[in-house]
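Here the structure is laid out as structure tokens; the discussion comes afterwards.
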Amino acid sequence: MDCLPGFREFYPEPLPLKDAWSCDARNHLFEAWRLTARGYGFREYDGPPLEPLELYTAKSGAEIVGQLFNFVDKGDRAVSMRPEMTPTVARMIAASERAYKKPIKWFSIPQLFRYEKQQRGRLREHFQLNCDLFGETDVAADAEIVALLVDVLRRLGLDAGDFVVRLSSRQAWQRFYESRSGDPARAYEFYQVIDKIEREKPEVTAAKLRDLGLDVADVQRFIEAGEPTPELQAVLDNLAARGLRDYVAIDYNVIRGLAYYTGIVFEAFDRKGEFRAIAGGGRYDQLIGLLSQGRVNLPALGFGMGDVVLLELLKARGKLPSFRQGLDAVVIIEDEGLRAESLALVQRLRESGRAVDYSLTPAKGDKQWKRAIEQGARHGHRVERDAGGAVVYRTRHLATRTESVGDLASALAAGDPAH
Ligand code: HAM
């Protein structure tokens, strides 16, 4: 039986099939995500993968509600697999913010579920790095979040020639809409039209805008002018001070589909425009208040970066390292009379923190050595008896083929990271 459409199996490398997903590559991402987020002073949190349905029907907006992976559980509760992390973290912050110093900087790597039509870059589950910052209205926070996004991608080997973060502002669009006397009750409908502007047929966009009392040429002129708001200019200047100016550009085609954004918004794309968005985010200063019925009001902003598009991009640009098992040692058991002593050595090596393997059942010596090399082991150990019948330990450094024979302590010292 195959796995469900839009779900993935992750294999250790070498991969059994060309299109298989690599668990090693996934962990490589997770490691870069964690290291960079921690480097920016973010702390890791997690939440439940299954949530009450109404957490999303209330605030995320029509688009994500249409993609919910929801059902009624055995206790008659309307529930949904989490399609995004933002409502969960907003609820967690509303419940706990008093216990933390501001600004609160948190990250998480949840697996998310959206019942979407499966296509390239879009699946029914994906992992997403979420980095969010709470309790700061200053634009310095927006710049910090964008810089973190940029540095996550740089750590993975991508540079300004590979990707760009397109910066925009919901407020700029809101002001545009208001100055053209748009109906305030239909503002989100207008944002949805802008969100789809690059994917939709021009005549469809024009008709939808006309229905909202707007002129498509007027909208196009606003996008093309790309005049940064004072806030966006401050973000650009802040990033320039870090030497990261080349990684960002003002682009009012971006507005974000989710309903809760209130300020600066952004999306990261590959420069060639071959892939869907790598990441997206922005400011959502009202969401915590909305979810807590006004009990807690805290400004918030952050981004989500998915693993699917990012892995496709890294693969296409040749930026994924080759992955090997990388054992520290293999214990070769050629003399079954010394299996007990060999097991004792395996145990001691593992207790000293090393990754160690050995043959569970009797096998030819050359087969065991060959397998040790395939497993990327650094050292091969063999327990032997010397001429006098005493137990000794032979250690071979597999890359240089140099060998030494000594006591147990010398075997344990070989390859010790402390030496
Ligand atoms: P989002 O734009 O819906 O934002 O998702 C962020 C990223 O997750 C996308 O750019 C994409 O890389 C990836 N992604 C989304 N859906 C799928 C899918 N079906 N298959 C594969 N990858 C996908 C959010 O989710 C916001 N909650 C992010 C956020 C955090 N905003 C503030 N804080």
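Throughout, residue positions are numbered sequentially from 1 according to the sequence presented. Atoms within a ligand are numbered from 1 in the order they appear, just like the ligands themselves. Quantities reported herein were computed from a predicted structural model and do not represent experimental measurements.
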Can you sort out which atoms of ligand 1 are near [X], meaning under 4.0 Å from one of its heavy atoms?
X: Gly121; result: 20 (N), 21 (C), 22 (N)
X: Gly304; result: 6 (C), 7 (C), 28 (C), 29 (C), 30 (C)
X: Asp132; result: 30 (C), 32 (C), 33 (N)
X: Gly306; result: 7 (C), 8 (O), 12 (O), 13 (C)
X: Asn130; result: 30 (C)
X: Tyr261; result: 26 (C), 28 (C), 29 (C), 31 (N), 32 (C)
X: Thr86; result: 26 (C), 27 (N), 29 (C), 30 (C), 31 (N), 32 (C), 33 (N)
X: Val308; result: 21 (C)

For [atom], find the nearest protein heavy atom and state the residue, atom name and distance (0.1 Å precision).
atom: atom 32 (C) of ligand 1; result: Gly302 O, 3.3 Å
atom: atom 16 (N) of ligand 1; result: Arg114 NH1, 3.2 Å
atom: atom 14 (N) of ligand 1; result: His126 NE2, 3.3 Å
atom: atom 20 (N) of ligand 1; result: Leu123 N, 3.0 Å
atom: atom 1 (P) of ligand 1; result: Arg256 NH2, 3.6 Å
atom: atom 11 (C) of ligand 1; result: Ala277 O, 3.6 Å
atom: atom 6 (C) of ligand 1; result: Gln128 NE2, 3.2 Å
atom: atom 19 (N) of ligand 1; result: Glu116 OE2, 2.5 Å

Does [X] make a cation-pi contact with [Y] (under 6.0 Å, within 45 degrees of the axis)?
X: Arg170; Y: Tyr261; value: no
X: Arg43; Y: Tyr45; value: no
X: Arg124; Y: Tyr115; value: yes

For ligand 1, does [X] get within less than 4.0 Å through its side chain, its backbone, both, or neither, judged by non-hydrogen atoms?
X: Arg122; answer: both
X: Phe303; answer: backbone
X: Ala279; answer: backbone
X: Leu258; answer: side chain

Look at [X] together with [Y] and state whether they make a salt bridge at an N to O cut-off of under 4.0 Å.
X: Arg256; Y: Glu267; value: yes
X: Asp211; Y: Lys208; value: no
X: Arg242; Y: Asp151; value: no
X: Arg317; Y: Glu274; value: yes
X: Arg114; Y: Glu84; value: no
X: Glu198; Y: Arg166; value: yes

Could you walk me through whether Leu412 and Tyr393 satisfy the side-chain contact (heavy atoms from CB on, under 4.5 Å) test, starting with their C-alpha distance in whole Å, then the side-chain angles of each, then the deciding distance to 0.1 Å, before giving a yes or no?
CA-CA 10 Å; Leu412 289 172; Tyr393 296 82; over 6 Å; no
Does ligand 1 have any atom sitting under 4.0 Å from a heavy atom of Cys131?
no
Under a heavy-atom criterion of less than 4.0 Å, does Tyr260 contact ligand 1?
yes
Trp173 vs Ile223 side-chain heavy atoms within contact, under 4.5 Å
yes
Indicate yes or no: at least one non-hydrogen side-chain atom of Leu153 is less than 4.5 angstrom from one of Met305.
yes
Flag the pair Phe275 / Phe269 as yes when their ring centroid distance falls below 6.0 Å, and as no otherwise.
no
